[in-house]
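It should be emphasised that the depicted structure is a prediction, and the values quoted were computed from it without experimental measurement.
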Amino acid sequence: MFEYSKENRILKNREYQTMYADSSKWVSTSFVVLGRITENLVPRLGVVVSKKIGGAVTRNRIKRLCREAFRNNKGLYPSLDVVLIARRGVANTTGEMISLDVKQCLSRIYKKLLLKSPSREGSYER
RNA sequence: UAACUUUAGUGGGUUGAUGCAAAGAAAGGUCUUUGAGGAAAGUCCGGACUUUAAAGAGUGGGAUGCUGGUUAACGACCAGGUGGAGUAAUCCAACGGAAAGUGCAACAGAAAGUAAACCGCCUUCGGGUAAGGGUGAAACGGUGAGGUAAGAGCUCACCAGCGUUUUGGUGACAAGACGGCUCGGUAAACCCCAUCUAAAGCAAGACUAAACAACAAAUUUUAAUACUUGUUAUUAAAAACUAUCUACUCGAUAGAUUUGUGGGUAAGUCGCUACAGAUAUUCAGUAAUGGGUAUCGUAGAUAAAUAUCAACCUCCUAUCCUAGAAUCAUUUUUAGGUAGAGACAGAAUCCGGCUUAUAGCUAGAGUUAACAC
RNA sequence: CCCCAUCGUCUAGCCCGGUUUAGGACACCGCCCUUUCACGGCGGCGACACGAGUUCAAAUCUCGUUGGGGACG
């Protein structure tokens, strides 16, 4: 239920490239979100934190917090691929804020995708 | 008590819930064990390991630079010498050579280096002299006495420096004796001397699977043959050319090679963590370090694990609150509560160092000052 | 594994230290020229990334730190 194994991650560089090429985008205060609905029944997450944001410690911390938030909420969004790209201000915010922000991002992007392709809506809703 | 110096250590803990990575067990949806630092960082040195088909010589380049030792090795460390800073504990030093050679020294100043062209002093008017001359970072020793026309290591005493020698020390060097009498600074300027030095780096490299492929341009001379009789084609030979071997030369090897454009593959296994290993103890050594004995096995990912939430405890801080103690008082201090804070920072082939970052806390040794006994 | 850092911007000087008050161009400010603007002329403002060391003296030589950029699969 709340697992986060390798099935729930975006691993290959090629997959990231496809996400960049073909996805819908939403921007929050601390993240840029790329979302895409796939044929799999498993939601997947990828996190991008560049060196601009901080050292290795802060970047790892942000990644972990993102994964934690995704892990707690992923049951709501089946067959959704998401890439979270961190923006400048993330380093100063607390863990609670990040988890809230991630939740918001997920819901927004899912709604946006459903509106964009309403014909698919029926097949993916539970 | 205050102000320091120095050497070590620590780097929050426990419990519960939900997760992640690896290994091992199971075989029904699991279980068990383990899981980040003193700097994991910077990548500044040194090694192990791997590849560069393979053996070299010389020149050059680079690094180091008081002495002795330690080490796998080092630019690291230990001990000592010399010089400098500090009242001292202690700290710092790229600390070989200027009598092999070439350079450089702005401004000021008479003069910046084979001493003397200026002023001055003395003069028998031929000359002698470097005592004095405000400079400068630095002026062919310094102080005192004798001496002289005026002066001068010209002579003497002491000091500094130089050479020879004796003693002590493995040595750097130290102490003493004797001698003649002054022969500057800069090598973090070139340079000389001594020692060391091939390059690239786990994205090294090995295996398996898949894929494989092009196009354009460039490439000397001679000879023979062909014909369309010349900026021709083919063949052969020669050296040359190209590539590699460290930058160059010699030498060696290979040959179709080189350059540009464009395209493709970047996925699995190994390398991968057992060791110049860790902890404790003992012996040798002033010490760095080395030898012996016992116990232990302790991260291994690849969009990259080691986390999130809750509770309690611990530590620190406070223009906060309550209670107590000391003091004339400012204030200091003890206990509890409340609030805040808990640094620097994340393994990526592995070790030995160096450098830089680091909230607070603990311990040892030492110095100086004041007071008390 | 390399390279770089100088006025607001682009740069010279660095190798081989003193000549220089760190030079030049554009930009900015003021004045002149012009009916006015532009062009032109004159003047001004303004910088050696930071911290140590060597030296009499450092933008320049050496070491460390910080920031920026590039190459390699």
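B:A345: no Watson-Crick or G-U partner with both key distances under 3.5 Å is found in any strand. Look at B:C181: it lacks any Watson-Crick or wobble partner with both distances under 3.5 angstrom. Using Watson-Crick or G-U wobble geometry with both donor-acceptor distances under 3.5 Å, B:U43 finds no partner in any strand shown. The nucleotide B:G101 finds its pairing partner in B:C190, both defining distances of the Watson-Crick or G-U wobble pair being shorter than 3.5 Å. Look at B:G141: its Watson-Crick or wobble partner, with both distances under 3.5 angstrom, is B:C159. Across all strands shown, B:A8 pairs with B:U362; the Watson-Crick or G-U wobble distances both stay below 3.5 Å. Nucleotide C:C14 has no partner under the Watson-Crick or G-U criteria, as no pair reaches both atom distances under 3.5 Å. Using Watson-Crick or G-U wobble geometry with both donor-acceptor distances under 3.5 Å, B:A85 finds its partner in B:U90.
When the P atom is used for both B:G185 and C:U20, the distance is 32 Å, rounded to whole Å. One P atom belongs to B:A188, the other to C:C56, and the distance between them is 13 Å to the nearest Å. Taking atom C1' on both B:U220 and B:A256, the two are 15 Å apart, rounded to the nearest angstrom. One C1' atom belongs to B:A343, the other to B:G28, and the distance between them is 49 Å to the nearest Å. Taking atom P in both B:A53 and B:A100, one finds a spacing of 48 Å when rounded to whole Å. Comparing B:G346 with B:G38, their P atoms sit 16 Å apart, to the nearest whole Å. Comparing the C1' positions of B:C190 and C:U19 gives a spacing of 23 Å, expressed to the nearest Å. B:U355 and B:U143 are spaced 48 Å apart, taking the P atom of each and rounding to whole Å.
Shown here, B:G38 is classed syn by the O4'-C1'-N9-C4 or O4'-C1'-N1-C2 angle, which is within 90° of 0. Using a 90° window around 0 for the glycosidic torsion, B:U166 falls outside it and is classed as anti. Annotated as anti: B:G171, whose O4'-C1'-N torsion sits more than 90° from 0. Base orientation for B:C316: anti, the chi torsion being more than 90° from 0. In B:G146 the base sits anti relative to the sugar, since the glycosidic angle is further than 90° from 0.
Within the 4.5 Å cutoff, no side-chain heavy atoms of A:V33 are placed close to those of A:V27. Put simply, the side chain of A:L84 does not reach to within 4.5 Å of the side chain of A:F70, judged on heavy atoms. A:R67 has its side chain within reach of A:L45: a pair of non-hydrogen atoms, C-beta onward, lies under 4.5 Å apart. In this structure, the side chains of A:S24 and A:L113 come closer than 4.5 Å at one or more pairs of heavy atoms.
When each of A:L100, A:V102, A:D101 is tested with A:I98 by the rule side chain to side chain contact (heavy atoms under 4.5 Å, CB included), just one qualifies, namely A:V102.
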Polar-atom pairs under 3.5 Å, protein N or O versus N or O of nucleotides 305-309 of chain B: list them with distances, or write none.
{"residue": "B:A305", "atom": "OP1", "partner": "A:R67", "partner atom": "NH2", "Å": "3.4"}
{"residue": "B:U306", "atom": "OP2", "partner": "A:R64", "partner atom": "NE", "Å": "2.8"}
{"residue": "B:U306", "atom": "OP2", "partner": "A:R64", "partner atom": "NH2", "Å": "3.3"}

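In plain terms, the two heavy atoms of A:S28 and A:C105 that are nearest each other are OG-SG, 3.7 Å.
Across the interface with RNA chain B, nearest-nucleotide mapping of A:A56 and A:L45 shows A:L45 to be the residue nearer the 5′ end.
Remark: A:D81 pairs with A:R44 by the salt bridge (charged side-chain N to carboxylate O under 4.0 Å, His left out) rule, at least two apart or across chains. In terms of the side-chain contact (heavy atoms from CB on, under 4.5 Å) criterion, A:V57 has no residue partners (sequence neighbours excluded).
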